[in-house]
Structures are given as C-alpha cells and as structure tokens.
Protein chains: 2
Amino acid sequence: MLNQIAASEDLVFFRPHQFLTRENERPDALFDIVEGWACRHRLLSDGRRQITALYLPGDLCDPLWSLTSTCNEPVVALTNIRATRRTLNVADGYILDRQKGFSTRLAESVERQSNWLVSLGRKTAVERLAHLLLELFERMRRAGLAYGQQCALPLTQMDIADATGLTAVHVNRTLQSMRSKGVLELHSKWLRIPDLGALRDLAALGPNDAV
Amino acid sequence: MLNQIAASEDLVFFRPHQFLTRENERPDALFDIVEGWACRHRLLSDGRRQITALYLPGDLCDPLWSLTSTCNEPVVALTNIRATRRTLNVADGYILDRQKGFSTRLAESVERQSNWLVSLGRKTAVERLAHLLLELFERMRRAGLAYGQQCALPLTQMDIADATGLTAVHVNRTLQSMRSKGVLELHSKWLRIPDLGALRDLAALGPNDAV
DNA sequence: CCAGTGAGTTAGCTTATGTTAGCGTCGGGA
DNA sequence: TCCCGACGCTAACATAAGCTAACTCACTGG
C-alpha cells in the first residue's frame, strides 16, 4: 500500500508543439520542467481550443492529472523545453511522495484551476488578462525568474487567448488598452508590471485569493 | 505517515443556503451526501457568483479540496440535505483512504473540473447547457436516481446560470429554444431527455469525453 | 384572506466580444 | 537573396449574450 517515487530521472528535451504526454495514455511519469513553458489543452472538433493549465520552469507536470488513470488532455510544449522525467510507482491509484512538496503542488493546482473557472465563467476580458498575467508573474517570481517587476512571458497572443477563453484579436485590443493606461508593458515575450497593486485591482480578486 | 479514515460518522442535516463548510476553514471532515444537492461557489465583490462544483446524492464533498490545507470556497446547500460527516486524519497534507473508491472520485473531480473549464472558456450557451444537463443526468443515473430518461433536477435557473457562467435570463431563453426543439423537457425541478444522442451532439463533446 | 417572496417568463435595448480581412514585420530555410 | 509562415496589429462589421424591467404564477406565513 505504500508507494514511492522511483529513482529514475532522465533529462529530456522538447521543441515547440511537441507532446510531452498524449491523450488516452496512462501517465507513468511526471515531468519536472527545468526550462521552458508547456501547457495542457483540449481541442474541440471545430478547432476551438482551451488551455487548461500552464507549466512554467520548476513546475511539476502534472500533479493533478497523475491521480487519474487515463487522461484526455495532452500536454504540449510552447517553447523549447528541458525537463527531467520522473517515473512513479502508482499502486491502486494512490500516490505518495515523501521527498518533495508534492501535496503542496497538488493544492496549488486545485486552487489555480478553481481560480481559472471563476475567471472564465464570470470575469471580463480585462479582469481575465490582469489575473492571468499576475498569476504568471507571481509564479515566475517564486521560481526565482523575475527581475524586479519584470519577467519572461513566451506566450503568443493566441496562447493567451486560448488560456483566457477570448479571441486573439480581442486579447490584442485589450492589451493595447491596458498598455495605454500604463498598467502593464508586454512586448517581445517580455512582461513588465509597473504597478502590481493597480493590476491586482483590475483582476477583481477576492480578499482571500492568492496571487 | 500512514493515515486513516476515522470511524466517526455523524448524520447531519442542512437547509437551503446553509453552509456545509466555510471559507478559510481547515477541512477536517468530508460530507457524504445521502440526500439533496449542494454546491461549491465563489462570490466576487460586486455580487457575481460562479459555481465551481455541484454535489449530488452519493457524492463526497469534496475529495479535491480535501487536499488543500485551507479552502477559499464555501460549500452551501441548494436543497434540504441529509449527509454523513466523515472526519479525516490528515497528516502532512496526505490523504489515504482504504475503504471506498476515494481515488476514483478524485479522478472524476479532476476530469469534471477540466470539462467545466473547456465549457466556460470555449462553448456557447446551448453547448454549456447541454453539457451540464447531460452530466447531471448521467451522475443521477449512476447514483440510481434516474428513471428511464428522467431525473430530479432541483436547481433554479439562477443556479444553472451561475454554474454555466451565463445570466438567468439567457439560461431561460436558451432552455426555451431547446425545449421548442424537443431535445429536453425541464419543469418543476424535473428533467426529461427524450433523445440522449441529440443532446450529446449539442454538447460539442469530444470523442474521448465521458458523459 | 391578503401580502410578500421567489421563481419563471418575455420584451426591448445595449454592449462586450467574435468574425473577417488586411497590413507590416520578422526570422528561418532553401 | 527571396520566399513563406508566424506573429502582432488594426478596422469595420456581426452577433451572442448581458441588462433592465415588467408580468405571471405558485407558495408561504400571518
């Protein structure tokens, strides 16, 4: 009944659009991203796409879905990626990890997914963008990859659109207007947030919400 | 490091709008709903509400959030509720349950949340409603609470709106149009689906999607 | 018996966001 | 060097969904 993380740790590489994991595959390993970004997404038959999770350097990918036996959402690289592949021993669907903050990451995943649900269900374009960029900046900061108020943000506007449930065109429009109001700068895959507080206000976060 | 479900099992009751769990409380127990419906939701400062999970008879509430130390979304009763309260031993954030299909329920929660994300992010009103009603019917069926093509559905149109990220008015409009097309009947908290296949088509589900 | 409340319904109008199309720039590959 | 495809950007127009408000119909409680 007791499970362990096996010792196996391969270093692996991916290019943009490459799959880290595929649909309908039993996940037997988790990727610990060392460098680069990835996402989990779902494609509808007519081409609509929804990104359901973003993975940044330092992220485990994916604690949540490792709990399921088969997964119907692939994980794809958004940039070049360097990662370590950690195989798991899974018995009876229970997962136990004694060495790293696995359960902490799990809890974060749960909370993030929930935040996204609220965002997609009830927030305006400005609020969604503010929320997303804030979240990403904060995660980069915690990963030690932010420099002052700035960090890398290697997403295309279409990626952002598919994460926020908007269109690329509308993302562009909305970003322009936010730029012109001075609450953020974003060009050539680089994000700067002059005033964290102002952006936080725009994000319509509750008093208890993290980020 | 080994945790157990303690023996404690109290029978508890709730009335509509009563809290099963509150915000910012450390969850030390899970509710097993015997009868009635509940939901988890988030309230924005201006009154907007998003339901992030629905709990039906037979559901555990909530496997996902029991993984976090404190939770920022309350669970409230939507109807009269009878439930058994199961206290947990939680050590270091890990949860282990040897007696019931806890991990199966966990996996289902993860998948449902993900489905909802796609729905809220990328689907039209008709698709969202078809998807939600289909999911609820299927869950009722599996709980042994469906009778042929029918089941109870004790949600108000506003509840449905807050689950699907729409307005009550628009839910009403859309339901009307679906009714007039004969793909569903819904009155006095009772749902009938004359043609499961037709509704499935409207829901824009992928080939791998459950429900 | 009536007043009050919550729910469903419908209509008219408004608006945020989607759609389509086109332009310019950049960088990589042949 | 020259394509060619991604990407960012913009404008004009289309539409799904939001907003407000009113009316009805149960129910419930006094």
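Protein chains get the first letters and strands the later ones, always in sequence-line order, with residue 1 at the start of each. All values below come from the heavy atoms of this structure, side chains included, with hydrogens, waters and symmetry mates left out.
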Donor-acceptor contacts under 3.5 Å from residues 73-80 of chain B side chains, at least two apart:
from, atom 1, to, atom 2, distance (Å)
B:Glu73, OE1, A:Ser114, OG, 3.3
B:Glu73, OE1, B:Thr52, OG1, 2.8
B:Glu73, OE2, A:Ser114, OG, 2.5
B:Glu73, OE2, B:Arg42, NE, 3.1
B:Glu73, OE2, B:Arg42, NH2, 2.5
B:Thr79, OG1, B:Trp37, N, 2.9
B:Asn80, OD1, B:Arg15, NH1, 3.4

Under the side-chain hydrogen bond (donor to acceptor under 3.5 Å, both in side chains) rule, what pairs show up with a residue in residues 151-163 of chain B, not counting sequence neighbours? A:Arg122-B:Asp162, B:Arg49-B:Asp159, B:Arg49-B:Asp162, B:Thr156-B:Asp159, B:Gln157-B:Asn172

Footprint ends on DNA chain D, 5' to 3', for atoms under 4.0 angstrom from a heavy atom of chain A, come out as D:dC7 to D:dA12

5' to 3', nucleotides 18-24 of chain C under a 4.0 Å protein heavy-atom cut-off (B base, S sugar-phosphate only, - none) gives BBB----

Hits for side-chain contact (heavy atoms from CB on, under 4.5 Å) against B:Ala163, two or more places apart or cross-chain, chain-then-number order -> B:Ile51, B:Trp116, B:Leu132

Can you list every salt bridge (charged side-chain N to carboxylate O under 4.0 Å, His left out) pair that touches residues 166-176 of chain A, not counting sequence neighbours? none

Salt bridge B:Arg139-B:Asp59, side-chain N to carboxylate O under 4.0 Å: yes

Just to verify, what does A:Arg192 make a salt bridge (Lys or Arg N to Asp or Glu O under 4.0 Å) with, not counting sequence neighbours? A:Glu185

Please give me every residue in residues 124-136 of chain A whose heavy atoms get under 4.0 Å of an atom in DNA chain D, ordered by residue number. none

Are A:Leu153 and A:Lys189 side-chain neighbours, meaning at least one heavy-atom pair lies under 4.5 Å? no

Take the C1' atoms of the five end pairs on each side of the helix from C:dC1-D:dG30 to C:dA30-D:dT1, get both axes, and report the angle to 10 degrees. 30°

Go through the structure and list residues passing side-chain contact (heavy atoms from CB on, under 4.5 Å) with B:Thr124, not counting sequence neighbours. A:Arg48, B:Val126, B:Glu127

Residues two or more places apart in sequence or in another chain: which of them pass ring pair (Phe, Tyr, Trp, His ring centres under 6.0 Å) with B:Phe31? B:Phe14

Can we say B:Glu108 and B:Arg105 salt-bridge, meaning some charged N sits less than 4.0 Å from an Asp/Glu carboxylate O? no

side-chain contact (heavy atoms from CB on, under 4.5 Å) filter on B:Ala143, not counting sequence neighbours, yields B:Leu145

